[in-house]
Amino acid sequence: MKVSKQLKTALLVFVILGVCIAALSFFQPIRAAHRQQGITLTDRAATTLASVSVKNGFGSYTVTLENGVYFCEALRGLPISSPALDELAENCTSLHAVSRVKTPKDLSEIGLAKPRATVEIRFTDDTDLSFTLGARVPEEKAYYMQLSGSGAIYIISEASVSDFLVDVSHFVDLSLADNLNEAVELPAQMSFHSAMADFVIEQLPETTTDGFGNRFTHRIQRADGSEAGFVDPTEFENYFARLHELRASSIVQLFPSPEELASFGLAPDNPAGISISFTIGKQTTTLRLGNRSDDVYYVYKDEVPVVYTLPLTQVPWDNVTYYALMSRFVAAPNLAQISHIEVSFPDGQYDIVVDGQTASCNGVWLSQRTFSGLYKLLCGARAEYEMTGPADSTLPELSLTFWYTQTAEELATRTPARSTTVRFLPYGLRRYAIEVDGVARYAVRAAYVSKVTETMLSLRDGMEITSAWF
């Protein structure tokens with residue numbers, strides 16, 4: 001009987017596979033003999049740690065644990081990270097090797113002749129455990145370890161010993177806000193200074209409503225006192241709602257000298273620097289931002305001698321301006337504060353006397369419905385543009401003067417009534433400068449002046465007035 005060529009080939013393949021399997025079965029026990037699997041070096045409660053001393057390529061330090069309190073002389077005066085030190089204590093008191101290996105003739109082959117770290121651990125029962133860490137095991141997330149005394153060599157996972165291979169700064173708290181345990185809320189107070197802006201913000205005693213119906217919780221003022229107003233609540237939240245979550249990405253240097261701070265752009269007098277101070281709850285945090293490097297800022301926190309890095313993604317406010325935060329309604333006093341309003345055009349004037357929610361205009365009574373729409377329109381001038389030059393004329397096309405109701409004290413002392421005058425001066429193409437009490441910083445489209453003019457010329461009781469002009 002003849003055997004086909006294909007059958008001979010198949011039989012040959014099966015024979016070769018059998019030989020390979022037999023060889024692997026023969027050599028596997030020999031390889032396993034080099035490693036004793038799953039070895040416990042110590043397994044105790046983390047609270048049994050008394051101290052750990054580490055010496056590695058970054059330097060040396062000792063951490064002690066007594067009555068649940070960590071102490072490290074190298075970190076004296078710095079905010080320590082309790083979670084990081086808890087992890088260190090766990091790794092000191094619960095060490096498990098992956099396997100034991102034979103000691104090579106030359107320890108330099110596995111990095112133990114000149115170890116990358118030396119670790120001495122003492123426990124509360126006065127026992128100790130000391131070892132050195134050598135080279136990384138090829139193609140494994142593990143290191144060679146040698147116990148002091150016995151000289152036994154093990155392979156131990158990277159996760160178990162990573163805390164012994166880092167700089168002591170690894171155990172410094174990276175939180176930059178002092179209020180992470182507070183309820184999430186916007187700052188009650190803050191100050192900001194940069195090359196583009198210099199202002200302070202304070203929370204109002206209670207929510208305030210302006211004449212247009214906008215509600216505000218904070219007030220903003222330029223640092224030099226030249227301008228003040230309400231804070232746009234949406235913009236305030238967009239820029240600063242996450243201040244309580246500020247967290248550094250890394251630590252660059254501990255205990256920097258004044259010269260070293262200057263090299264990071266963190267000198268207090270750096271004109272290009274950014275400083276921010278904010279209060280949330282009962283805690284106030286003050287930060288200085290210096291130079292930018294790729295996608296981070298160098299940051300210094302007052303009274304904490306550390307240079308941190310802060311990701312740009314956490315700093316949406318680095319280019320914030322006063323204009324970006326202010327309410328665009330620059331002259332909109334609450335109606336309850338107003339006694340009368342003067343509306344002036346080049347060809348005439350209207351005198352509106354306020355009586356609660358109603359009013360009279362040049363002697364003609366206006367119902368609540370009509371006056372409500374009119375007053376909202378008169379308060380509706382929005383700062384749509386920042387002015388870059390003077391107005392084209394000093395003669396206004398429209399003037400609004402809001403006279404405030406005098407208090408009993410003002411009447412008794414015969415104090416002159418207070419007022420706010422808003423003049424609209426020609427400014428460029430189809431725009432008007434908004435001059436408030438003699439100061440013009442912003443401009444509005446001509447559509448607003450046209451809307452007010454048309455409304456006043458056709459004003460009568462019962463007409464429905466809309467403030468929607470923009």
Side-chain angles (χ1 to χ4, degrees), residues 68-70 75-86 169 171-194 197-210 214-223 225 228-251 266 268 273-290 296-322 324-327:
V69 178
Y70 295 103
L75 300 179
R76 181 186 289 272
L78 300 180
I80 62 172
S81 170
S82 294
L85 288 171
D86 286 343
S169 63
F171 303 106
V172 174
D173 188 8
L174 294 176
S175 299
L176 294 177
D178 295 319
N179 32 252
L180 291 183
N181 293 324
E182 298 284 347
V184 177
E185 56 185 271
L186 289 167
Q189 291 181 317
M190 67 175 295
S191 61
F192 183 88
H193 171 79
S194 71
D198 198 359
F199 58 79
V200 294
I201 291 176
E202 289 190 350
Q203 189 171 20
L204 296 166
E206 58 185 20
T207 301
T208 299
T209 304
D210 71 2
N214 303 299
R215 294 167 62 85
F216 303 102
T217 58
H218 291 74
R219 187 169 180 81
I220 186 171
Q221 179 175 309
R222 292 186 187 271
F230 293 121
V231 178
D232 183 301
T234 300
E235 294 304 323
F236 192 35
E237 187 166 344
N238 288 341
Y239 281 106
F240 299 115
R242 306 188 77 84
L243 283 177
H244 66 286
E245 296 178 353
L246 284 178
R247 185 174 179 82
S249 53
S250 68
I251 290 174
L266 292 168
I274 299 171
S275 63
I276 183 171
S277 179
F278 55 91
T279 301
I280 298 178
K282 298 179 180 180
Q283 300 294 330
T284 298
T285 301
T286 301
L287 304 175
R288 296 204 303 267
L289 276 63
V296 298
Y297 274 107
Y298 293 113
V299 179
Y300 186 80
K301 181 178 178 179
D302 272 12
E303 301 181 3
V304 179
V306 175
V307 175
Y308 302 89
T309 59
L310 180 63
L312 296 182
T313 54
Q314 294 191 48
V315 194
W317 36 265
D318 55 349
N319 291 320
V320 70
T321 62
Y322 181 97
L325 290 172
M326 64 175 247
S327 167

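Position 1 is the first residue of the sequence; numbering continues from there.
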Worksheet item: If we only count heavy atoms from C-beta on, is the Trp317 to Phe240 side-chain gap below 4.5 Å?
Response: yes
Worksheet item: Below 4.5 Å, heavy atoms only, C-beta onward: do Ile251 and Val307 meet side chain to side chain?
Response: no
Worksheet entry | Heavy-atom side-chain proximity of Pro187 to Thr279 below 4.5 angstrom | no
Practice prompt. Please assess Asp302 against Leu287 for the test side-chain contact (heavy atoms from CB on, under 4.5 Å), listing each intermediate value before the final yes or no.
Written response: CA-CA 6 Å; Asp302 272 12; Leu287 304 175; over 6 Å; no
Fill in: Nearest-0.5 Å distance that lies between atom CG in Asp232 and atom CG in Asn214
8.0 Å
Worksheet, complete the sentence: The reported gap from OG in Ser249 to CD in Gln314 (rounded to nearest 0.5 angstrom) is 7.5 Å
Discussion item. If I compare all heavy atoms of Val304 with all of Pro79, which pair ends up nearest, and what's the gap?
Written reply: CG1-CD, 3.7 Å
Discussion item. We want to know whether Thr207 and Thr217 form a side-chain donor-acceptor pair, criterion being a heavy-atom distance below 3.5 angstrom.
Written reply: no
Item to complete: Evaluate side-chain contact (heavy atoms from CB on, under 4.5 Å) for Ile276 paired with Phe278, printing each intermediate quantity in order.
Response: CA-CA 7 Å; Ile276 183 171; Phe278 55 91; 4.1 Å; yes
Practice prompt. Report the C-alpha distance between Ile201 and Leu325 in whole Å, list the side-chain angles of each, state the deciding distance to 0.1 Å, and finish with yes or no for side-chain contact (heavy atoms from CB on, under 4.5 Å).
Written response: CA-CA 10 Å; Ile201 291 176; Leu325 290 172; 4.0 Å; yes
Worksheet item: Yes or no on side-chain contact (heavy atoms from CB on, under 4.5 Å) for Asp173 and Arg247, after CA distance, side-chain angles and deciding distance?
Response: CA-CA 9 Å; Asp173 188 8; Arg247 185 174 179 82; 4.0 Å; yes
Worksheet item: With distance as the sole test, does Glu202 use its side chain to make a donor-acceptor pair with the main-chain N or O of His218 at under 3.5 Å?
Response: no
Fill in: Nearest-0.5 Å distance that lies between atom NE2 in His244 and atom CG in Leu246
9.0 Å
Practice prompt. Give a yes or no answer on whether the side chain of His193 reaches the backbone of Gly273 with a donor-acceptor pair at less than 3.5 Å.
Written response: no
Discussion item. Using a strict threshold of under 4.0 Å (side-chain N to carboxylate O), is an ion pair present between Arg215 and Asp210?
Written reply: no
Item to complete: Kindly indicate, with the supporting measurements, whether the criterion side chain to side chain donor-acceptor pair (under 3.5 Å) is fulfilled by Asp198 and Tyr322.
Response: CA-CA 8 Å; Asp198 198 359; Tyr322 181 97; over 6 Å; no
Practice prompt. State, with a plain yes or no, whether a side-chain heavy atom of Val172 is found less than 4.5 Å away from one of Leu75.
Written response: yes
Worksheet item: Sub-3.5 Å donor-acceptor pair from the side chain of Ser277 to the main-chain atoms of Met190, do we have one?
Response: no
Discussion item. Nearest 0.5 Å, please: how far is CG in Leu176 from CG in Leu243?
Written reply: 11.0 Å
Worksheet entry | Heavy-atom closest contact (Val315 atom, Asp318 atom, distance) | O-OD1, 3.2 Å
Discussion item. Are the side chains of Ser275 and Thr286 in contact, using a 4.5 Å heavy-atom criterion?
Written reply: no
Worksheet, complete the sentence: Heavy-atom closest pair (Arg219 atom, Ala228 atom, distance to 0.1 Å) is NH2-CB, 3.9 Å
Practice prompt. Check whether any side-chain heavy atom of Asp86 sits under 4.5 Å from a side-chain heavy atom of Tyr70, and report yes or no.
Written response: yes
Worksheet entry | Flag side-chain contact, heavy atom, 4.5 Å: Phe171 against Ile80 | no
Discussion item. I need the minimum non-hydrogen distance between Ala177 and Thr285, along with the two atoms involved.
Written reply: CA-OG1, 3.8 Å
Practice prompt. Could you tell me whether the side chain of Arg288 and the main chain of Tyr300 form a donor-acceptor pair under 3.5 Å?
Written response: no
Worksheet item: Shortest non-hydrogen contact from Gly225 to Gln221?
Response: CA-NE2, 3.6 Å
Worksheet item: Any idea how Phe192 and Phe199 line up, ring-wise: parallel (<30°), tilted (30 to 60°), or perpendicular (>60°)?
Response: parallel
Item to complete: Quick one: sort the Phe216 and Phe230 rings into parallel, tilted or perpendicular, breaks at 30° and 60°.
Response: parallel
Worksheet item: Is it true that a side-chain atom of Thr309 and a backbone atom of Ser250 form a donor plus acceptor pair closer than 3.5 Å?
Response: yes
